[in-house]
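Contents: one structure, followed by commentary.
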Amino acid sequence: MSYPGYLHEVLIGKQSAFVTPVSATKDIGIVMDTSDNFSREIIKSYGMGSQQVQAINTGMFDPKFSCTVEFQHGRLLEYIFGGVGHGATSGDTTHTFALADAPLYATIESSNNSATDTALTHTGMFIESAELSLALNETLKLKTDWVGCNTVSSASATSAVVSTQPVFPHGMFTVSFGGQTATLVQSVSIKITKSQLRVGGVSSKNYQVGNTSVIDFEFNMQLGFADKTFQELYLGSTTN
């Protein structure tokens, strides 16, 4: 059996603890691509009397997940920043995100719902990097890369949840740079990178604790050249 894209779904659930899974029931946007990556460290034993390996054992298990979505709502932003406040003014919804010291963990189900189901459930996942990007004649996209605690396989997939909220084409956007509205913007992105720390211990092949040490922000923008003010963005003024 093969599984085309319309059978695949990604759902997410918010965990209160790193190692404790929850039900994944929430959508994350219009999913464009996903990748389930996991590896296991190998422990080799050598000894006198032979050039060959005498024993091979498995070490720490390292689950990873990545996906790109067309942006519909701010659910994934909460996993990037760790805190969110909600407000509404005149019918417009406002989400205010604030950096939290502790990461927000997720259970992620990446599965195929068919006559024969396949499901991977990743536990204790938290974001290692994210990039929010927009280009001319495209919609706003968000790419996220996750690391976590554990992955289990099953033959029971949840039905897909597809959001009907709008996406955001480039015509709805303005970009501010240096306190002024930028013109002739061809593409723009904000990349967020976190240094994630996972700690394990004897008696388990899974990581037991996950934390964030530092976080970096990187802004990139490509502009169509119009006049000398664009050069002076780099010089600081008419001279260096």
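Heads up: numbering here begins at 1 and tracks the sequence. Just so you know, these numbers use all the heavy atoms, side chains as well, and skip hydrogens, waters and symmetry mates.
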Do you know the tightest heavy-atom contact between Ile43 and Gly59? CD1-CA, 4.0 Å

Nearest atoms (heavy-atom pairs only) where Val10 meets Ser110: CG2-OG, 4.4 Å

Taking His95 for the side chain and His86 for the main chain, is one N or O donor matched with an acceptor at less than 3.5 Å? no

What about Met172 and Phe71, same hydrophobic cluster or not, with Ile/Leu/Val/Met/Phe/Trp/Tyr joined at side-chain heavy-atom distances under 4.5 Å? yes

Below 3.5 Å, can you tabulate the donor-acceptor pairs from side chains in residues 146-161 to any protein atom, sequence neighbours excluded?
| unit_1 | atom_1 | unit_2 | atom_2 | d |
| --- | --- | --- | --- | --- |
| Trp146 | NE1 | Thr144 | OG1 | 3.0 |
| Asn150 | OD1 | Asn206 | ND2 | 3.3 |
| Thr151 | OG1 | His122 | ND1 | 2.8 |
| Thr158 | OG1 | Glu109 | OE1 | 2.9 |
| Thr158 | OG1 | Glu109 | OE2 | 3.3 |

Using a 4.5 Å cut-off on heavy atoms from C-beta on, say whether the side chain of Ile192 contacts that of Glu218. no

Under 3.5 Å donor-acceptor, Gln196 side chain and Ile127 backbone: yes

Would you give the length of the straight line joining atom CD of Gln72 to atom CD1 of Ile28, rounded to the nearest 0.5 angstrom? 10.0 Å

Angle class for the Phe38/Phe61 ring planes (parallel below 30°, perpendicular above 60°, tilted otherwise)? tilted

Measuring from Leu99:CG to Phe97:CZ, what's the distance to the nearest 0.5 Å? 11.5 Å

Supply the atom-to-atom distance Leu142 CG to Ser133 OG, rounded to the nearest 0.5 angstrom. 8.0 Å

Is Lys26 reaching over with its side chain to a backbone N or O of Lys14, donor-acceptor style, under 3.5 angstrom? no

Do Val84 and Leu77 come close enough that some side-chain heavy atom pair is under 4.5 Å? no

As a quick check of understanding, evaluate side chain to side chain contact (heavy atoms under 4.5 Å, CB included) for Leu76 and Glu78, giving each step before the final call. CA-CA 5 Å; Leu76 288 180; Glu78 186 175 1; over 6 Å; no

Short side-chain donor-acceptor distance under 3.5 Å, Thr58 and Lys205: yes

Ignoring hydrogens and geometry, is there a side-chain-to-backbone donor-acceptor pair from Ser213 to Ser195 under 3.5 Å? yes

For the pair Arg40 (side chain) and Asp62 (backbone), establish whether a donor and an acceptor sit closer than 3.5 Å, ignoring hydrogens and angles. no

Gly13 to Val22 - nearest heavy-atom pair and separation: C-CG2, 3.7 Å

Would you kindly check if the NZ (Lys) or CZ (Arg) of Arg198 is within the cone defined by 45 degrees around the ring axis of Tyr207 and under 6.0 Å from the six-membered ring centre? yes

Do Thr25 and Leu11 have side chains that get closer than 4.5 Å, going by heavy atoms? no

Separation between OG1 (Thr34) and CE (Met32), nearest 0.5 Å, reads 12.0 Å

Is Phe126 close to Leu104 at the side-chain level, that is, under 4.5 Å between some pair of heavy atoms? no

Has the side chain of Ser50 got a donor or acceptor atom that lies under 3.5 Å from a matching backbone atom of Gln52? yes

Can you confirm whether Asp101 is buried at CG, in the sense that more than 12 heavy atoms of other residues, nucleotides or ligands lie under 6.0 Å from that atom? no

Whether Lys64 and Glu128 form a salt bridge (side-chain N of Lys/Arg under 4.0 Å from carboxylate O of Asp/Glu) is what I want to check. no

Determine whether Val167 and Ile30 make a side-chain contact, defined as any pair of heavy atoms from C-beta on separated by less than 4.5 Å. yes

Given Val185 and Leu223, is the side chain to side chain contact (heavy atoms under 4.5 Å, CB included) satisfied, shown in steps? CA-CA 5 Å; Val185 178; Leu223 302 172; 3.6 Å; yes

Intermediate values then yes/no, side chain to side chain contact (heavy atoms under 4.5 Å, CB included), Ile42 and Lys44: CA-CA 6 Å; Ile42 301 299; Lys44 297 180 179 180; 4.2 Å; yes

Residues that Glu41 engages under salt bridge (charged side-chain N to carboxylate O under 4.0 Å, His left out), provided they are two or more places apart: none

If I take atom CZ from residue Phe217 and atom NZ from residue Lys194, how far apart are they, to the nearest 0.5 angstrom? 8.0 Å

First locate atom CD of Glu70, then atom OG of Ser163, and finally report the distance between them rounded to the nearest 0.5 Å. 12.0 Å

Tyr105 versus Tyr79: any side-chain heavy-atom pair under 4.5 Å? no

If we ignore angles and hydrogens, is there a donor and acceptor under 3.5 Å between the side chains of Ser45 and Gln54? no

Under 3.5 Å, is there a donor-acceptor pair between the side chain of Lys141 and the main chain of Thr139? yes

Relative to the ring of Phe173, is the ring of Phe168 parallel (under 30°), tilted (30 to 60°) or perpendicular (over 60°)? perpendicular

Are Asp33 and Lys143 close enough for a salt bridge, meaning some N to O gap below 4.0 Å? no

Residue pair Phe219 / Ser189, side-chain heavy-atom distance below 4.5 Å: no

Evaluation steps, side chain to side chain contact (heavy atoms under 4.5 Å, CB included), between Leu134 and Ser187: CA-CA 6 Å; Leu134 178 73; Ser187 63; over 6 Å; no

Under 4.5 Å between side-chain heavy atoms, counting indirect links through other Ile/Leu/Val/Met/Phe/Trp/Tyr residues: same cluster for Phe81 and Ile12 or not? yes

Write down the atom of Met125, the atom of Pro63, and the distance for their closest heavy-atom approach. CE-O, 4.1 Å

Ignoring hydrogens and angles, tell me if any N or O in the side chain of Gln186 forms a donor-acceptor pair with the backbone of Leu184 under 3.5 Å. yes

With a 3.5 Å cut-off and no angle check, do the side chains of Asn37 and Ser35 form a donor-acceptor pair? yes

Side chains of Thr193 and Asp216, donor plus acceptor under 3.5 Å: no

Check the side chains of Asn113 and His8 for a donor-acceptor pair under 3.5 angstrom, ignoring hydrogens and angles. no

Treating Ile, Leu, Val, Met, Phe, Trp and Tyr as nodes and any side-chain heavy-atom pair under 4.5 angstrom as an edge, say whether Val162 and Val69 lie in one connected cluster. no

Within the 4.5 Å heavy-atom criterion, are Thr123 and Gln15 side-chain neighbours or not? yes

